[in-house]
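Notes follow the structure.
Model, not experiment: these values are computed from the prediction.
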Amino acid sequence: GQNIDQPTEMTATEGAIVQINCTYQTSGFNGLFWYQQHAGEAPTFLSYNVLDGLEEKGRFSSFLSRSKGYSYLLLKELQMKDSASYLCAASSASKIIFGSGTRLSIRP
Amino acid sequence: DAGITQSPRYKITETGRQVTLMCHQTWSHSYMFWYRQDLGHGLRLIYYSAAADITDKGEVPDGYVVSRSKTENFPLTLESATRSQTSVYFCASSESLLAGTGELFFGEGSRLTVL
């Protein structure tokens, strides 16, 4: 079967850095997605890691270790608008399975 | 406009009725997905399709039926709605699951309430 785990909630301070971890177990693994979802809205794409290593996109970076079944999303210079849920999802065969999401709260 | 659209956006129905949620994408993406989202459960995969006339069950397929006679459409039908199917339903599409083109595009969601 497939299993994706990420923390349920995290809190961080404006201007700081936060790392959201995700572990996964799946057969036929293709890659690992990160999505951001604000309350009442559809998820929006942040990153898709297929190869091991770190990918940086502005304030957001995502890391993948295929051998460890581990990924993280790193958010730098946190802003209040980064308060949202962050969804980790594993792509395998022809399907994409999501974890339960991490609700990130930013305090001033 | 190009994109992925869902209809209806909001629907209230009664237990036992049949409901169909429509999903249409204009990119000719091969892959299409239906998810439901409930508090505490994140996004759960109902059905997915890798191409026209190819559909497969996801994590929670019971009570749902899909079809994909055309690449651009992927309707989801609740044959006999139950209260437990009250949820927000998201349709999504992707060109491929490979690097560089694997982004999953979501519709705006359909909020279904079953009374």
Worksheet item: Has B:Arg9 got more than 12 heavy atoms of other residues, nucleotides or ligands less than 6.0 Å from its CZ?
Response: yes
Fill in: Contact class of B:Leu43 relative to chain A, heavy atoms under 4.5 angstrom
both
Worksheet entry | Over 12 non-hydrogen atoms of neighbours within 6.0 angstrom of CD in B:Glu108 | no
Response to the item:
The reported gap from CZ in B:Phe106 to CZ in A:Phe45 (rounded to nearest 0.5 angstrom) is 11.0 Å
Practice prompt. Please check if atom CD in A:Gln79 has more than 12 non-hydrogen atoms from other residues, nucleotides or ligands closer than 6.0 Å.
Written response: yes
Discussion item. If I compare all heavy atoms of A:Glu41 with all of B:Phe90, which pair ends up nearest, and what's the gap?
Written reply: O-CZ, 3.9 Å
Worksheet item: For atom CZ of B:Arg111, is the number of surrounding heavy atoms from other residues, nucleotides or ligands below 6.0 Å larger than 12?
Response: no
Worksheet entry | Over 12 foreign heavy atoms within 6.0 Å of CD1, B:Ile12 | no
Discussion item. Tell me if the CG atom of B:Leu115 is crowded by more than 12 foreign heavy atoms within 6.0 Å.
Written reply: yes
Discussion item. With heavy-atom distances below 4.5 Å as the criterion, would you say the side chains of B:Tyr48 and A:Ile96 are in contact?
Written reply: no
Fill in: Closest contact, heavy atoms only, A:Phe33 versus B:Leu104
CE2-N, 4.1 Å
Discussion item. Just so I know, are the side chains of B:Glu103 and A:Tyr35 near enough to count as touching, which here means a heavy-atom distance under 4.5 Å?
Written reply: yes
Fill in: CZ (A:Arg103) with more than 12 external heavy atoms under 6.0 Å
no
Discussion item. Heavy-atom pairs under 4.5 Å with chain B: which of A:Ser100, A:Ala89, A:Ser91, A:Ser94 has the most?
Written reply: A:Ser94
Worksheet item: Are side-chain heavy atoms of A:Lys95 and B:Leu45 found at a separation under 4.5 Å?
Response: yes
Worksheet entry | Considering all heavy atoms, the nearest B:Gly107-A:Ala42 contact | O-CB, 3.2 Å
